[in-house]
Each structure stands twice: as structure tokens, then as C-alpha cells.
Amino acid sequence: MSAFSSNSSSNSSSSSSGASSSPGRAIILAGGQGTRLKPYTTLFPKALVPLEEMPVLELVLRQLKAHGFTEITLAVGHLSELIEAFFGDGRKLGISITYAREDQPLGTAGPLRALEDLPENFLVMNADIVSDINFRTLFDFHCQARPDQPPNLATIAVYRRTSKIDFGVLEFDSVSHRIHNFIEKPMLDHSVSMGIYVFNRAVREFIPENTFFGFDQLMKTLIQQQQAIQAYPFNSYWLDIGRVDDYETAVNDFKTKRAQLLPTEQPEVTS
């Protein structure tokens with residue numbers, strides 16, 4: 001028996017027949033338990049934690065629609081009934097939502113193997129991302145022609161993030177043990193995955209069936225097999241709200257950046 005079930009077959013023909021450079025299909029991973037975000041996720045899933053009156057997943061869905069992605073598959077697991085009850089078939093947001101349900105945890109990349117109706121290129125992202133990234137620009141970057149080279153299998157949106165090391169860091173010779181540098185609580189820059197990807201459907205061949213398989217494992221497999229994958233640098237606004245401090249930052253930022261994060265939203269008319 002498959003570890004994954006889906007109700008997305010109704011729109012499979014329209015999804016897979018489109019041009020490779022046309023957006024339309026996005027898969028959102030909304031099955032996590034949000035353990036790092038407790039107590040906010042004690043009674044409801046991480047995808048429904050609010051930014052003012054709007055769940056974070058609704059923000060993501062509205063952004064995707066604004067950038068041309070109107071066929072959405074929500075990969076759900078933990079407390080999936082609450083997500084399905086809130087969003088339904090997506091009609092109230094002007095999009096089509098189908099659900100792919102995990103019978104057992106499949107990780108972040110595992111659910112993709114079970115989806116057989118994927119178009120040539122499609123977007124995948126976590127449900128708990130707050131960003132002003134233009135998904136269409138990312139998608140077009142992935143699909144751009146590369147003369148005399150194979151199609152790009154994966155594009156990862158990346159963000160420069162600074163991390164503080166709360167210790168004095170020593171540099172010393174491993175043989176003599178002579179210290180030659182002492183750095184007090186250094187700040188380190190990293191290029192981190194934003195949890196937003198564009199894939200070619202051929203990537204499914206590298207994902208085992210009915211197995212817990214993460215994007216980290218998938219990327220390592222593609223790198224080891226010298227497949228074509230690339231980074232998409234992004235330097236505007238991004239937060240992964242998987243941790244309490246980042247979630248609380250996003251809540252405060254949303255109050256001042258709402259127009260930036262929802263550029264198509266019309267202001268309320270006041271009398």
C-alpha cells in the first residue's frame with residue numbers, strides 16, 4: 001500500500017500539458033508537527049499560525065496566486081483536517097487546492113515521488129515561509145534555456161543569513177597547539193536554503209518510494225551524481241517561522257510590511 005494518497009487526479013492533464021516555462025503548479029509541504037514552535041502549535045498545525053488575522057499559509061497562497069500559481073497541492077499530515085476545513089478546495093481564494101495525505105511520515109522530499117501528475121517544472125515550498133520573493137521570477141530563472149546543457153533539475157532559493165557564535169573561537173596549530181588567533185563571539189555569514197525550490201519532474205527518479213527522504217538527502221544525491229542544480233540568490237525579506245523567536249519577529253514585521261508582502265491587497269475603505 002502506498003504511504004501517500006492524493007485527490008489531485010482531477011487536474012492532472014491540464015498541469016502536465018503546459019509549457020515548461022509557464023507557472024501554474026505549486027506543492028506546499030504542510031504536514032509538519034511544528035514541535036519547535038510550541039506552545040503556538042499545541043492545538044493547531046504550524047501552517048495555521050496567524051499573522052494578525054491571516055494564517056501564514058493563506059499569505060503564501062495569496063502570494064502564489066499573484067505570481068501565476070493557481071493549481072496548488074497541499075501535502076498534509078499532522079492535523080490535516082483543520083487545514084482542509086479552513087481552505088477547502090481553494091475557491092474562496094480564486095485557486096484550485098487539492099490534498100495529498102501522508103499515511104506515514106515521508107520527510108520533505110518523499111511526497112514528490114508519489115505525485116504522478118506533475119508538469120515538467122513545478123514549485124515546491126514549505127508552508128511556514130514569510131517572504132516577498134517573486135515566485136514567477138524564481139520559476140523563470142529555473143526554466144531559462146541553457147545551450148548545449150541538460151535541463152536544470154533543481155533550483156534552490158538561497159538567502160544570506162548572519163549567525164552569531166556565542167563563544168570565543170580559537171585558531172591554533174594542530175601539531176604544536178600554538179594559538180595564532182582568538183576571535184570573540186564572531187559573526188558568520190551563510191548562504192541558507194529558504195525552503196523554496198523549483199524542480200524538473202525528472203527529479204522524482206532520485207527519490208525512493210514510500211521512504212522518509214529529505215531535501216538534504218535529495219540535494220546530496222543530485223550533487224554526487226553530478227546532476228544540474230543551481231542556486232537562486234535572494235536578498236530582500238525572508239523568515240522561516242519554524243522557531244518561536246522568528247515567528248514573533250514575523251508577526252511584528254507583518255504589521256509594517258503588509259503592503260510589501262501582499263502587494264495586490266487593497267486597503268480597507270474607512271468612513
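All residue numbers in this chain count up from 1 along the given sequence.
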**Study point:** Evaluation steps, salt bridge (charged side-chain N to carboxylate O under 4.0 Å, His left out), between E205 and R113
**Key:** CA-CA 8 Å; E205 300 171 9; R113 181 58 190 262; over 6 Å; no

Practice item. Dump the intermediate steps for side chain to side chain contact (heavy atoms under 4.5 Å, CB included) on M125 and L123, then the final yes or no. Key: CA-CA 7 Å; M125 66 179 295; L123 185 140; 4.0 Å; yes

Point to revise | Derivation of the side chain to side chain contact (heavy atoms under 4.5 Å, CB included) call for Q63 and S131 | key: CA-CA 9 Å; Q63 291 174 326; S131 177; 5.8 Å; no

Practice item. Take T155 and Y197 through the test side chain to side chain contact (heavy atoms under 4.5 Å, CB included) and record every step on the way to the result. Key: CA-CA 6 Å; T155 298; Y197 315 83; over 6 Å; no

Exercise for review: Quick one: do F254 and T249 satisfy side chain to side chain contact (heavy atoms under 4.5 Å, CB included)? Show the steps, please.
Suggested key: CA-CA 9 Å; F254 190 67; T249 297; over 6 Å; no

Practice item. Report the C-alpha separation of D128 and K46 in whole Å, then their side-chain angles, then the decisive distance to 0.1 Å, and conclude whether the salt bridge (charged side-chain N to carboxylate O under 4.0 Å, His left out) test is met. Key: CA-CA 7 Å; D128 56 348; K46 181 168 57 173; 3.0 Å; yes

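Within a 6.0 Å radius of CG in N235, other residues, nucleotides and ligands contribute 12 heavy atoms or fewer. Heavy atoms of other residues, nucleotides or ligands lying less than 6.0 angstrom from CD of E116 number 12 at most. The 12-atom threshold is not exceeded at CD of Q226, counting heavy atoms of other residues, nucleotides or ligands nearer than 6.0 Å.
Connection of L153 to I223 is established within a shared hydrophobic cluster, with ILVMFWY side chains joined at heavy-atom distances below 4.5 Å, either directly or through further cluster members. Hydrophobic clustering (side-chain heavy atoms under 4.5 Å, transitive across Ile, Leu, Val, Met, Phe, Trp, Tyr) groups V169 together with L188.
Screening residues 73-91 for salt bridge (charged side-chain N to carboxylate O under 4.0 Å, His left out) gives E84-R101, D89-R91 as the qualifying pairs, with residues at least two apart or on separate chains.
Judged by distance alone, the side chain of Y247 and the main-chain N or O of V49 form no donor-acceptor pair under 3.5 Å. W238 places no side-chain N or O within 3.5 Å of a backbone atom of Y159 that could act as its donor or acceptor partner. Side-chain atoms of S80 never come within 3.5 Å of backbone atoms of V76 as a donor-acceptor pair (strictly under, hydrogens ignored). Judged by distance alone, the side chain of T108 and the main-chain N or O of F215 form a donor-acceptor pair under 3.5 Å. Judged by distance alone, with hydrogens and angles left aside, the side-chain atoms of H67 form a donor-acceptor pair with the main-chain N or O of F135 at under 3.5 Å. A distance-only check finds a donor-acceptor pair linking the side chain of S176 to the backbone of R178 [under 3.5 Å].
One distance of note links CD of Q227 with CZ of F206; it measures 3.5 Å at 0.5 Å rounding. Between the NZ atom of K257 and the CG atom of D132 there is a distance of 8.0 Å, given to the nearest 0.5 Å. Taken from OG in S193 to CE in M219, the straight-line distance is 8.0 Å, to the nearest 0.5 Å. D240 CG to I129 CD1: the interatomic distance, rounded to the nearest 0.5 Å, is 4.5 Å. The CG atom of L222 sits 12.0 Å away from atom CD of Q217, with the distance rounded to the nearest 0.5 Å. A distance of 8.0 Å separates CD in E248 from CG in N252, rounded to the nearest 0.5 Å.
Nearest heavy-atom pair, A109 versus I207, reported as atom, atom and distance to 0.1 Å: O-CD1, 3.6 Å. Annotation for A228 and N152: closest pair O-OD1, 3.0 Å, computed over non-hydrogen atoms. Between V130 and L59, the closest heavy-atom pair is CG1-CD2, 4.1 Å. Here the shortest heavy-atom pairing between S191 and R160 reads OG-NH1, 2.9 Å. When all heavy atoms are compared, the tightest approach of A47 to V56 is O-CG1, 3.4 Å. Among all heavy-atom pairs drawn from I133 and M194, the shortest one is CD1-CE, 4.1 Å.
I156 is not listed as a side-chain neighbour of Y232, based on a closest heavy-atom distance of 4.5 Å or more. Using a 4.5 Å cut-off on side-chain heavy atoms (C-beta onward), F167 and E184 make no contact. Looking at H190 and S163, their side chains come closer than 4.5 Å, going by heavy atoms from C-beta outward. Residues I28 and N126 are not in side-chain contact: their nearest non-hydrogen atoms beyond the backbone lie 4.5 Å or more apart. Residues L57 and F87 have side chains in contact (heavy-atom distance under 4.5 Å, counting atoms from C-beta outward).
I179 belongs to a hydrophobic cluster whose remaining members, ordered by chain and number, are L170, F172, F182; membership requires side-chain heavy atoms of ILVMFWY residues under 4.5 Å apart, directly or through intermediates.
N121 and H142 share a donor-acceptor pair across their side chains, judged by distance under 3.5 Å alone. Side chain to side chain, Y237 and D253 meet the donor-acceptor criterion of an N or O pair below 3.5 Å. E71 and S96 share no donor-acceptor pair across their side chains, judged by distance under 3.5 Å alone.
A salt bridge links E53 to R258: at least one charged side-chain nitrogen sits closer than 4.0 Å to a carboxylate oxygen. Taking the charged nitrogens against the carboxylate oxygens, R204 and D117 have no contact shorter than 4.0 Å, which rules out a salt bridge. A salt bridge does not link D216 with K220: every distance from a Lys NZ or Arg NE/NH1/NH2 to an Asp or Glu carboxylate oxygen is 4.0 Å or more.
With Y99 as the fixed residue, the side-chain contact (heavy atoms from CB on, under 4.5 Å) test singles out one of I72, L74, T73: L74.
Ring orientation note: the planes of F122 and F199 are tilted relative to one another, at an angle of 30° to 60°.
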